[in-house]
Amino acid sequence: MGVGLSEILKGKQSIALGGHIRPDGDCVGSSMGLYLYLTEQYPQIETDIYLEEIPEAYRLIQKTEEARNCIPEGKQYDLFICLDCGDEKRLGFSAPLFQNAKQTFCIDHHVSNDAFADINYIVPDASSTSELVFGLLDKEKIGKPEAEALYMGIAHDTGVFQYSCTSPETMEAAAELLRKGIDGNDIIEKTFYEKTYIQNQILGRALLESILILDKRCIVSAVSKKEMDFYGAKPSDLEGIVSQMKLTQGTETALFMYELETQNYKVSLRSKGKVDVSIIAQYFGGGGHTRAAGFTMKGSFHDVINNVSIQIARQLDQEEIQV
Ligand code: 5GP
Ligand code: MN
(Lines give C-alpha, C1' and ligand atoms only; values in the text may rest on other atoms or scores of the structure.)
(Ligands and ions follow the chains in the order given, each with its own letter.)
Protein backbone atom coordinates (compact mmCIF):
# COMPACT_ATOMS: atom_id res chain seq x y z
CA MET A 1 0.00 0.00 0.00
CA GLY A 2 1.31 3.45 -0.91
CA VAL A 3 0.01 5.17 2.22
CA GLY A 4 1.07 4.43 5.79
CA LEU A 5 -1.18 4.47 8.83
CA SER A 6 0.48 7.58 10.30
CA GLU A 7 -0.19 9.53 7.08
CA ILE A 8 -3.85 8.52 7.08
CA LEU A 9 -4.17 9.59 10.72
CA LYS A 10 -2.50 12.98 10.12
CA GLY A 11 -4.80 15.84 11.14
CA LYS A 12 -7.59 13.52 12.33
CA GLN A 13 -9.30 14.40 15.59
CA SER A 14 -11.91 11.68 15.70
CA ILE A 15 -11.94 8.12 14.40
CA ALA A 16 -14.57 5.40 14.42
CA LEU A 17 -13.77 1.72 13.87
CA GLY A 18 -16.38 -0.75 12.64
CA GLY A 19 -16.53 -4.40 11.63
CA HIS A 20 -19.01 -6.74 10.00
CA ILE A 21 -22.34 -7.99 11.36
CA ARG A 22 -22.20 -11.02 13.66
CA PRO A 23 -18.46 -10.40 14.32
CA ASP A 24 -16.16 -13.44 14.16
CA GLY A 25 -12.67 -13.96 15.63
CA ASP A 26 -10.85 -12.03 12.91
CA CYS A 27 -13.32 -9.16 12.95
CA VAL A 28 -13.05 -8.76 16.73
CA GLY A 29 -9.28 -9.41 16.70
CA SER A 30 -8.46 -6.91 13.96
CA SER A 31 -10.76 -4.12 15.11
CA MET A 32 -9.93 -4.50 18.82
CA GLY A 33 -6.22 -4.82 17.95
CA LEU A 34 -6.30 -1.53 16.05
CA TYR A 35 -8.51 0.12 18.70
CA LEU A 36 -6.14 -0.83 21.54
CA TYR A 37 -3.14 0.39 19.53
CA LEU A 38 -4.72 3.72 18.54
CA THR A 39 -6.01 4.55 22.03
CA GLU A 40 -2.55 3.77 23.45
CA GLN A 41 -0.41 5.45 20.78
CA TYR A 42 -2.68 8.34 19.76
CA PRO A 43 -4.42 9.43 23.01
CA GLN A 44 -5.02 12.89 21.50
CA ILE A 45 -7.38 11.37 18.90
CA GLU A 46 -10.92 10.52 20.00
CA THR A 47 -11.27 6.87 18.94
CA ASP A 48 -14.48 4.86 19.26
CA ILE A 49 -15.25 1.29 18.25
CA TYR A 50 -18.62 0.03 16.98
CA LEU A 51 -19.33 -3.70 16.93
CA GLU A 52 -22.42 -5.87 17.26
CA GLU A 53 -22.55 -7.99 20.43
CA ILE A 54 -19.16 -9.64 20.88
CA PRO A 55 -19.44 -13.41 21.51
CA GLU A 56 -18.60 -14.32 25.11
CA ALA A 57 -15.41 -16.28 24.31
CA TYR A 58 -13.79 -13.25 22.59
CA ARG A 59 -14.31 -11.11 25.66
CA LEU A 60 -10.98 -12.25 27.06
CA ILE A 61 -9.54 -9.54 24.79
CA GLN A 62 -9.06 -6.37 26.83
CA LYS A 63 -11.53 -3.48 26.62
CA THR A 64 -14.12 -5.36 24.55
CA GLU A 65 -16.64 -3.81 26.96
CA GLU A 66 -15.82 -0.44 25.39
CA ALA A 67 -17.26 -1.53 22.03
CA ARG A 68 -20.51 0.31 21.33
CA ASN A 69 -23.49 -1.41 19.75
CA CYS A 70 -25.55 1.63 18.88
CA ILE A 71 -24.58 4.87 17.18
CA PRO A 72 -24.88 8.46 18.46
CA GLU A 73 -27.29 10.55 16.41
CA GLY A 74 -25.79 13.05 13.98
CA LYS A 75 -22.18 12.27 14.90
CA GLN A 76 -19.58 12.89 12.20
CA TYR A 77 -16.10 11.38 12.49
CA ASP A 78 -13.04 12.62 10.61
CA LEU A 79 -12.24 9.04 9.67
CA PHE A 80 -14.15 5.75 9.65
CA ILE A 81 -12.03 2.60 9.45
CA CYS A 82 -13.92 -0.55 8.49
CA LEU A 83 -12.25 -3.86 9.14
CA ASP A 84 -12.83 -7.39 7.78
CA CYS A 85 -15.91 -6.14 5.98
CA GLY A 86 -16.43 -7.13 2.34
CA ASP A 87 -19.12 -4.60 1.53
CA GLU A 88 -20.81 -1.55 3.03
CA LYS A 89 -24.05 -3.43 3.75
CA ARG A 90 -22.20 -5.81 6.06
CA LEU A 91 -21.29 -2.96 8.40
CA GLY A 92 -24.83 -3.24 9.71
CA PHE A 93 -25.81 -0.64 12.34
CA SER A 94 -22.58 1.38 11.95
CA ALA A 95 -23.11 2.01 8.19
CA PRO A 96 -24.56 5.54 8.76
CA LEU A 97 -21.30 6.55 10.53
CA PHE A 98 -19.36 5.27 7.51
CA GLN A 99 -21.57 7.25 5.13
CA ASN A 100 -21.31 10.38 7.26
CA ALA A 101 -17.54 10.30 7.88
CA LYS A 102 -15.27 12.87 6.23
CA GLN A 103 -12.98 10.09 5.03
CA THR A 104 -13.24 6.29 4.96
CA PHE A 105 -10.57 3.61 5.05
CA CYS A 106 -11.12 -0.10 4.51
CA ILE A 107 -8.75 -2.85 5.67
CA ASP A 108 -9.84 -6.25 4.39
CA HIS A 109 -8.85 -9.58 2.82
CA HIS A 110 -12.06 -10.65 1.05
CA VAL A 111 -11.63 -11.39 -2.64
CA SER A 112 -15.21 -10.17 -3.12
CA ASN A 113 -14.41 -6.68 -1.73
CA ASP A 114 -14.98 -4.06 -4.44
CA ALA A 115 -12.98 -1.25 -2.74
CA PHE A 116 -15.97 0.68 -1.43
CA ALA A 117 -14.08 3.16 0.81
CA ASP A 118 -12.04 6.28 -0.04
CA ILE A 119 -8.79 4.53 0.82
CA ASN A 120 -8.66 0.75 0.45
CA TYR A 121 -6.11 -1.70 1.73
CA ILE A 122 -7.40 -5.02 0.42
CA VAL A 123 -5.15 -8.04 0.11
CA PRO A 124 -7.16 -11.15 -0.85
CA ASP A 125 -4.14 -13.42 -0.33
CA ALA A 126 -3.67 -12.33 3.27
CA SER A 127 -4.70 -14.87 5.90
CA SER A 128 -6.75 -12.40 7.87
CA THR A 129 -7.53 -8.74 8.43
CA SER A 130 -5.61 -9.09 11.69
CA GLU A 131 -2.44 -9.92 9.73
CA LEU A 132 -3.00 -6.80 7.61
CA VAL A 133 -3.48 -4.63 10.69
CA PHE A 134 -0.27 -6.07 12.14
CA GLY A 135 1.51 -5.04 8.93
CA LEU A 136 0.31 -1.44 9.32
CA LEU A 137 1.53 -0.98 12.91
CA ASP A 138 4.90 0.12 14.20
CA LYS A 139 6.18 -3.24 15.49
CA GLU A 140 8.08 -1.73 18.45
CA LYS A 141 4.97 0.02 19.68
CA ILE A 142 2.65 -3.01 19.70
CA GLY A 143 1.65 -3.75 23.31
CA LYS A 144 0.52 -7.04 24.85
CA PRO A 145 -3.25 -6.33 24.72
CA GLU A 146 -3.28 -5.58 20.98
CA ALA A 147 -0.91 -8.51 20.34
CA GLU A 148 -3.47 -10.80 22.00
CA ALA A 149 -6.28 -9.45 19.83
CA LEU A 150 -4.34 -9.74 16.56
CA TYR A 151 -3.05 -13.22 17.42
CA MET A 152 -6.61 -14.36 18.07
CA GLY A 153 -7.75 -12.99 14.70
CA ILE A 154 -4.94 -14.65 12.77
CA ALA A 155 -5.44 -17.98 14.56
CA HIS A 156 -9.17 -17.96 13.79
CA ASP A 157 -9.05 -17.15 10.09
CA THR A 158 -6.27 -19.68 9.47
CA GLY A 159 -8.07 -22.46 11.38
CA VAL A 160 -5.13 -22.34 13.83
CA PHE A 161 -2.41 -21.89 11.19
CA GLN A 162 -3.68 -24.75 9.05
CA TYR A 163 -5.67 -23.38 6.07
CA SER A 164 -3.98 -22.69 2.75
CA CYS A 165 -4.09 -18.93 3.44
CA THR A 166 -1.39 -19.47 6.09
CA SER A 167 1.81 -18.06 4.55
CA PRO A 168 5.36 -17.68 5.86
CA GLU A 169 4.43 -14.00 6.49
CA THR A 170 1.47 -15.16 8.60
CA MET A 171 3.76 -17.28 10.77
CA GLU A 172 6.24 -14.40 11.05
CA ALA A 173 3.49 -12.06 12.20
CA ALA A 174 2.31 -14.65 14.75
CA ALA A 175 5.88 -15.15 15.98
CA GLU A 176 6.34 -11.41 16.39
CA LEU A 177 3.10 -11.23 18.39
CA LEU A 178 4.14 -14.16 20.60
CA ARG A 179 7.34 -12.24 21.42
CA LYS A 180 5.17 -9.62 23.09
CA GLY A 181 4.74 -12.17 25.89
CA ILE A 182 1.20 -13.30 25.15
CA ASP A 183 -0.13 -16.77 26.00
CA GLY A 184 -0.99 -17.91 22.46
CA ASN A 185 -2.06 -21.43 23.47
CA ASP A 186 -4.50 -20.10 26.03
CA ILE A 187 -6.06 -17.71 23.49
CA ILE A 188 -6.50 -20.53 20.96
CA GLU A 189 -7.86 -22.95 23.54
CA LYS A 190 -10.37 -20.52 25.05
CA THR A 191 -11.55 -18.73 21.90
CA PHE A 192 -11.29 -21.39 19.18
CA TYR A 193 -11.53 -24.93 20.58
CA GLU A 194 -13.49 -24.57 23.80
CA LYS A 195 -17.26 -24.97 23.29
CA THR A 196 -20.13 -24.45 25.66
CA TYR A 197 -22.40 -27.43 26.29
CA ILE A 198 -25.05 -25.82 24.08
CA GLN A 199 -22.56 -25.29 21.25
CA ASN A 200 -21.51 -28.94 21.36
CA GLN A 201 -25.10 -30.13 21.49
CA ILE A 202 -26.12 -28.17 18.42
CA LEU A 203 -22.93 -29.21 16.59
CA GLY A 204 -23.84 -32.83 17.32
CA ARG A 205 -27.37 -32.27 16.12
CA ALA A 206 -26.19 -30.64 12.85
CA LEU A 207 -23.79 -33.52 12.15
CA LEU A 208 -26.40 -36.15 12.99
CA GLU A 209 -28.93 -34.59 10.62
CA SER A 210 -26.46 -33.93 7.78
CA ILE A 211 -26.91 -35.47 4.35
CA LEU A 212 -24.57 -36.17 1.45
CA ILE A 213 -25.56 -34.94 -2.01
CA LEU A 214 -23.93 -34.60 -5.45
CA ASP A 215 -22.53 -38.11 -5.44
CA LYS A 216 -21.33 -37.64 -1.82
CA ARG A 217 -19.17 -34.68 -2.82
CA CYS A 218 -21.20 -32.15 -0.85
CA ILE A 219 -22.32 -32.38 2.77
CA VAL A 220 -25.38 -30.37 3.78
CA SER A 221 -27.00 -29.55 7.09
CA ALA A 222 -29.44 -27.00 8.47
CA VAL A 223 -30.58 -25.72 11.85
CA SER A 224 -34.05 -24.19 12.06
CA LYS A 225 -35.09 -21.25 14.22
CA LYS A 226 -37.20 -23.67 16.26
CA GLU A 227 -34.17 -25.85 16.98
CA MET A 228 -32.06 -22.83 17.92
CA ASP A 229 -34.76 -21.73 20.34
CA PHE A 230 -35.01 -25.25 21.75
CA TYR A 231 -31.27 -25.38 22.54
CA GLY A 232 -31.11 -21.68 23.48
CA ALA A 233 -28.47 -21.17 20.78
CA LYS A 234 -27.43 -17.82 19.25
CA PRO A 235 -25.93 -17.51 15.73
CA SER A 236 -22.43 -17.25 17.24
CA ASP A 237 -22.99 -20.67 18.87
CA LEU A 238 -23.05 -22.21 15.38
CA GLU A 239 -19.58 -21.04 14.38
CA GLY A 240 -17.32 -23.96 13.51
CA ILE A 241 -20.10 -26.35 12.49
CA VAL A 242 -19.44 -25.93 8.76
CA SER A 243 -15.69 -26.44 9.27
CA GLN A 244 -16.36 -29.68 11.12
CA MET A 245 -18.67 -30.82 8.30
CA LYS A 246 -15.95 -30.07 5.74
CA LEU A 247 -13.64 -32.58 7.43
CA THR A 248 -15.89 -35.42 6.18
CA GLN A 249 -13.80 -37.73 4.04
CA GLY A 250 -14.65 -37.70 0.33
CA THR A 251 -16.50 -34.40 0.33
CA GLU A 252 -15.38 -31.40 -1.69
CA THR A 253 -17.77 -28.84 -0.26
CA ALA A 254 -19.83 -28.23 2.85
CA LEU A 255 -23.07 -26.25 2.97
CA PHE A 256 -24.46 -25.25 6.34
CA MET A 257 -27.45 -22.99 6.91
CA TYR A 258 -29.40 -21.68 9.86
CA GLU A 259 -32.60 -19.73 9.99
CA LEU A 260 -32.07 -16.08 10.93
CA GLU A 261 -35.83 -15.62 10.91
CA THR A 262 -38.62 -17.71 9.41
CA GLN A 263 -37.72 -18.67 5.83
CA ASN A 264 -34.59 -16.53 5.77
CA TYR A 265 -31.36 -18.52 5.91
CA LYS A 266 -27.78 -17.57 6.64
CA VAL A 267 -25.75 -19.86 4.40
CA SER A 268 -22.11 -20.86 4.94
CA LEU A 269 -20.05 -22.58 2.27
CA ARG A 270 -16.67 -24.25 2.59
CA SER A 271 -14.50 -25.85 -0.09
CA LYS A 272 -11.44 -28.08 -0.13
CA GLY A 273 -10.20 -26.28 -3.26
CA LYS A 274 -11.97 -27.60 -6.37
CA VAL A 275 -14.95 -25.26 -5.98
CA ASP A 276 -14.54 -21.49 -5.65
CA VAL A 277 -17.29 -20.75 -3.14
CA SER A 278 -16.77 -16.97 -3.26
CA ILE A 279 -18.18 -17.03 -6.82
CA ILE A 280 -21.29 -18.85 -5.60
CA ALA A 281 -21.72 -16.55 -2.59
CA GLN A 282 -21.39 -13.46 -4.80
CA TYR A 283 -23.91 -14.90 -7.24
CA PHE A 284 -26.41 -15.00 -4.36
CA GLY A 285 -25.51 -11.49 -3.14
CA GLY A 286 -22.93 -12.40 -0.49
CA GLY A 287 -19.17 -12.78 -0.58
CA GLY A 288 -16.08 -14.20 1.08
CA HIS A 289 -13.01 -16.17 0.09
CA THR A 290 -12.39 -18.95 -2.44
CA ARG A 291 -12.60 -21.62 0.29
CA ALA A 292 -14.97 -19.95 2.76
CA ALA A 293 -17.90 -17.74 1.85
CA GLY A 294 -21.45 -16.93 2.84
CA PHE A 295 -24.70 -15.15 2.03
CA THR A 296 -28.31 -14.97 3.12
CA MET A 297 -31.23 -16.40 1.15
CA LYS A 298 -34.99 -16.24 1.50
CA GLY A 299 -37.02 -19.41 1.04
CA SER A 300 -37.23 -22.88 2.51
CA PHE A 301 -34.40 -25.22 3.41
CA HIS A 302 -35.10 -27.11 0.16
CA ASP A 303 -35.04 -23.91 -1.90
CA VAL A 304 -31.55 -23.17 -0.59
CA ILE A 305 -30.26 -26.69 -1.32
CA ASN A 306 -31.78 -26.73 -4.80
CA ASN A 307 -30.40 -23.35 -5.79
CA VAL A 308 -26.96 -23.69 -4.26
CA SER A 309 -26.31 -27.31 -5.24
CA ILE A 310 -26.82 -26.43 -8.92
CA GLN A 311 -24.00 -23.89 -8.64
CA ILE A 312 -21.72 -26.33 -6.80
CA ALA A 313 -22.45 -29.11 -9.32
CA ARG A 314 -21.70 -26.76 -12.20
CA GLN A 315 -18.22 -26.07 -10.86
CA LEU A 316 -17.55 -29.71 -9.98
CA ASP A 317 -18.59 -30.81 -13.49
CA GLN A 318 -16.43 -28.12 -15.01
CA GLU A 319 -13.54 -29.36 -12.95
CA GLU A 320 -14.08 -32.91 -14.20
CA ILE A 321 -14.13 -31.78 -17.82
CA GLN A 322 -10.79 -30.03 -17.33
CA VAL A 323 -9.14 -33.09 -15.72
P1 5GP B 1 -19.16 -17.62 7.43
O2 5GP B 1 -19.64 -18.73 6.57
O3 5GP B 1 -18.21 -18.10 8.48
O4 5GP B 1 -20.25 -16.74 7.96
O5 5GP B 1 -18.33 -16.66 6.49
C6 5GP B 1 -17.28 -17.11 5.67
C7 5GP B 1 -16.63 -15.92 5.00
O8 5GP B 1 -17.56 -15.31 4.10
C9 5GP B 1 -16.22 -14.82 5.98
O10 5GP B 1 -15.01 -14.27 5.56
C11 5GP B 1 -17.34 -13.82 5.90
O12 5GP B 1 -16.90 -12.53 6.15
C13 5GP B 1 -17.87 -13.99 4.47
N14 5GP B 1 -19.32 -13.82 4.42
C15 5GP B 1 -20.25 -14.57 5.06
N16 5GP B 1 -21.51 -14.15 4.80
C17 5GP B 1 -21.38 -13.08 3.97
C18 5GP B 1 -22.32 -12.18 3.36
O19 5GP B 1 -23.54 -12.29 3.52
N20 5GP B 1 -21.79 -11.19 2.57
C21 5GP B 1 -20.44 -11.06 2.38
N22 5GP B 1 -20.01 -10.05 1.60
N23 5GP B 1 -19.54 -11.88 2.94
C24 5GP B 1 -19.98 -12.88 3.72
MN1 MN C 1 -11.42 -12.26 8.16
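First listed ligand is number 1; within each ligand, the first listed atom is number 1.
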Among Val28, Thr129, Asn113, which residue satisfies the side chain to side chain contact (heavy atoms under 4.5 Å, CB included) criterion with Asp84? Thr129
Check the angle between the aromatic planes of Tyr42 and Tyr37 and answer parallel, tilted or perpendicular using the 30° and 60° thresholds. tilted
Within 45° of the six-membered ring axis of Tyr77 and under 6.0 Å from that ring's centre, is NZ or CZ of Lys75 located there? yes
Look only at the side chain of Glu252 and the backbone of Leu316, and say whether a donor-acceptor pair between them is shorter than 3.5 Å. no
Taking only residues two or more places apart in sequence, or in another chain, which ones meet Lys225 in a salt bridge (Lys or Arg N to Asp or Glu O under 4.0 Å)? Asp229
Sub-2.8 Å protein N, O or S atoms surrounding the Mn ion (ligand 2): Asp26 OD2, Asp84 OD1, His109 NE2, Asp157 OD2
Closest non-hydrogen atom pair between Ala206 and Ser221, with its separation: O-OG, 2.7 Å
Let me have the donor-acceptor pairs involving side chains of residues 237-247, under 3.5 Å, with sequence neighbours excluded, atom names and distances please.
unit_1, atom_1, unit_2, atom_2, d
Asp237, OD1, Gln199, NE2, 2.8
Asp237, OD2, Lys234, N, 2.8
Glu239, OE1, Tyr58, OH, 2.8

Between Phe192 and Tyr151 (judged by ring centroids, cut-off 6.0 Å), do the two rings come close enough to count as a pair? no
Close residues (non-hydrogen atom under 4.0 angstrom from ligand 1) work out to Asp87, Arg90, His110, Lys266, Ser268, Arg270, Gly286, Gly287, Gly288, His289, Ala292, Ala293, Gly294, Phe295
With a 4.0 Å cut-off, would you call Glu7 and Lys10 a salt bridge? no
